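Remember, predicted model here, so these are calculated numbers, not experimental data.
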Amino acid sequence: IDHSILYSLVWPTFALAARAEGIATIGWAHNFALRPVLLGLKRLDFQTRHLPALATFVVLSRLDVAFWKLRGMPRTVFLPNPPSDIFVAQARRSSPRTAPRGRRAELIWWGRLEERTKRPSELIAVASELAGRGVDFRLRIVGPDWNDLSGSDLEARVARAGLESQVEIAGLLTGGDLQAAIDSADVFVNTSVIEGHPLTLPEAQSHGLPVAMYDLPWLELLDGNEGVVTTPQRDAAALAAAIVTIISDPQRYEKLSSGPLAAAER
């Protein structure tokens, strides 16, 4: 199984050499097909030209299957990511949550602090919008530093925005600490600009968390998922408004907490 399809320009050499020895190579693309277009990487034509060297090409959505078959790779199949260790190990909730009434709303984002695709800095704009609306909330940003963004960078931006009392940069949490942080939240917020099959989504939903996120319409995880509210990409005001609608209506909140439980079980 070759995982470097999205990054490498030499994988066809290995696939062809292996095939010459009678060994099949399976390629696995762990993100959406148009990721190279988003990031300005001129690899779609390269991939299209060389994918026939693979015995099978595994992708994360049915839309990707259609895309690559139309580009001339008939041996393309859909296979979702397996559940993460967090998802498998935890005891999933059996009853929906209740809305945060008479107390501070707890929001959470977790993942690696990769600005290029996950855009955690967008959370500061969302928090500013919430603060401007007078919402009583805390937003915890959980995850390790990455190449293009660190926790200290985010802390400096939070300070410049005057949001120190509302936004917490929690750093890397693992195991029980991460589980506890997720379970103490009311809403999971996602700001990614592109994903293939984000494991944080089922992790959040197994805790019964409603999800407010920028729209990623190709995601298999969103199909028939009644626990997610989506808004246009890069529209922090719309995402903040969606969060307000989730936490301010107890009946809607409970419905949006039941939806995640069903989606996680499915």
Say you draw a straight line from CG of Asn31 to CG of Leu60; how long is it, rounded to the nearest 0.5 Å? 7.5 Å
I'd like to know if Val229 and Val244 are part of one continuous hydrophobic network [Ile/Leu/Val/Met/Phe/Trp/Tyr, side-chain heavy atoms within less than 4.5 Å]. yes
Determine whether Thr191 and Lys118 make a side-chain contact, defined as any pair of heavy atoms from C-beta on separated by less than 4.5 Å. no
Quick one: CZ on Arg140 to CH2 on Trp110, what's the gap to the nearest 0.5 Å? 12.0 Å
Residues Val167, Leu123; criterion side-chain contact (heavy atoms from CB on, under 4.5 Å); working and verdict: CA-CA 9 Å; Val167 179; Leu123 294 163; over 6 Å; no
Heavy-atom side-chain proximity of Val65 to Val77 below 4.5 angstrom: no
Under a 4.5 Å cut-off applied to non-hydrogen side-chain atoms, are His197 and Leu221 in contact? yes
Whether the Glu115 and Asn147 side chains hold a donor-acceptor pair (N or O, under 3.5 Å, no angle test) is what I'd like checked. no
Could you see if Leu201 belongs to whatever hydrophobic cluster contains Val59? Use Ile, Leu, Val, Met, Phe, Trp, Tyr and a side-chain cutoff under 4.5 Å. yes
Minimum side-chain heavy-atom gap Ile108-Val189 below 4.5 Å: no
Using the rule that two of Ile, Leu, Val, Met, Phe, Trp, Tyr join whenever any of their side-chain heavy atoms come within less than 4.5 Å, decide whether Leu219 and Tyr214 are in one cluster. no
Could you check whether Trp28 and Phe57 have their ring centres less than 6.0 Å apart? no
Arg71 and Asp45: side-chain contact (heavy atoms from CB on, under 4.5 Å), yes or no, with the steps? CA-CA 9 Å; Arg71 288 181 74 90; Asp45 287 342; 3.3 Å; yes
Intermediate values then yes/no, side-chain contact (heavy atoms from CB on, under 4.5 Å), Glu122 and Leu239: CA-CA 10 Å; Glu122 289 274 320; Leu239 190 54; over 6 Å; no
Take atom CD in Glu164; do more than 12 heavy atoms of anything else shown fall under 6.0 Å from it? yes
Does the side chain of Trp11 come within less than 4.5 Å of His50's, by heavy atoms? yes
Work out which heavy atom in Ser206 is nearest to a heavy atom in Leu261; give both atom names and the distance. O-CD2, 3.9 Å
Rounded distance (nearest 0.5 Å) linking atom OH of Tyr253 with atom CD1 of Ile247: 9.5 Å
Please name the pair of heavy atoms, one in Leu163 and one in Ser128, separated by the smallest distance, quoted to 0.1 Å. CD1-OG, 3.4 Å
Side-chain atoms of residues 96-106: list all donor-acceptor pairs with protein atoms under 3.5 Å, sequence neighbours left out, distances to 0.1 Å.
unit_1	atom_1	unit_2	atom_2	d
Arg97	NE	His207	O	2.7
Arg97	NH1	Asp183	O	3.1
Arg97	NH1	Ala185	O	3.2
Arg97	NH2	Asp183	O	2.9
Arg97	NH2	Asp183	OD1	2.9
Arg97	NH2	His207	O	3.2
Arg103	NH1	Asp186	OD2	3.0
Arg103	NH2	Asp186	OD1	2.8
Arg104	NE	Glu106	OE2	3.0
Arg104	NH2	Glu106	OE2	2.9
Glu106	OE1	Arg138	NE	2.9
Glu106	OE1	Arg138	NH2	3.2

Is the His30 ring parallel, tilted or perpendicular to the Tyr7 ring (thresholds 30°, 60°)? tilted
Return the minimal non-hydrogen interatomic distance between Ala53 and Leu16, and the atom names on each side. CB-CD2, 3.8 Å
Polar contact flag, side-chain donor to acceptor under 3.5 angstrom, Arg119-Ser192: no
Is the shortest side-chain N to carboxylate O distance from Arg112 to Asp148 below 4.0 Å? no
Do Phe78 and Leu63 come within less than 4.5 Å of each other through their side chains, counting heavy atoms only? no
Is the shortest side-chain heavy-atom distance between Pro12 and Phe14 below 4.5 Å? no
CD (Glu226) and CD (Gln205) are apart, to the nearest 0.5 Å, by 11.0 Å
Any non-hydrogen side-chain atom of Ile26 less than 4.5 Å from a side-chain atom of Leu54? no
Within the 3.5 Å criterion, strictly below it, is a donor on Gln47 or Trp68 matched to an acceptor on the partner's side chain? no
Residues Leu209, Ile182; criterion side-chain contact (heavy atoms from CB on, under 4.5 Å); working and verdict: CA-CA 8 Å; Leu209 291 182; Ile182 297 171; 3.8 Å; yes
Residues Ile243 and Ala212: closest non-hydrogen pair is CG1-CB, 3.8 Å
To the nearest 0.5 Å, what is the distance between CG (Leu199) and CG (Asn81)? 5.0 Å
Say whether Met73 and Phe67 are linked into one hydrophobic cluster, either directly or through other cluster members, by side-chain heavy-atom distances under 4.5 angstrom. yes
Backbone of Ser4 reached by a side-chain donor or acceptor of Ser8 within 3.5 Å: no
Linking I/L/V/M/F/W/Y whenever any side-chain heavy atoms sit under 4.5 Å apart, do Leu130 and Val187 land together? yes
Side chains of Arg75 and Thr56: any donor to acceptor distance under 3.5 Å? no
Students often mix this up, so state it plainly: with edges at 30° and 60°, are the rings of Phe32 and Trp218 parallel, tilted or perpendicular? parallel
Looking only at heavy atoms, the pair that brings Leu34 and Leu44 closest together is CD2-CD1, 4.1 Å
Any side-chain donor near an acceptor of the partner, Ser61 and Asp64, under 3.5 Å: yes
Just verifying a value: how many Å separate Asp215 CG and Asp235 CG, rounded to the nearest 0.5 Å? 12.0 Å
Which atom of Leu107 lies closest to which atom of Phe137, heavy atoms considered: CD1-CD1, 4.0 Å
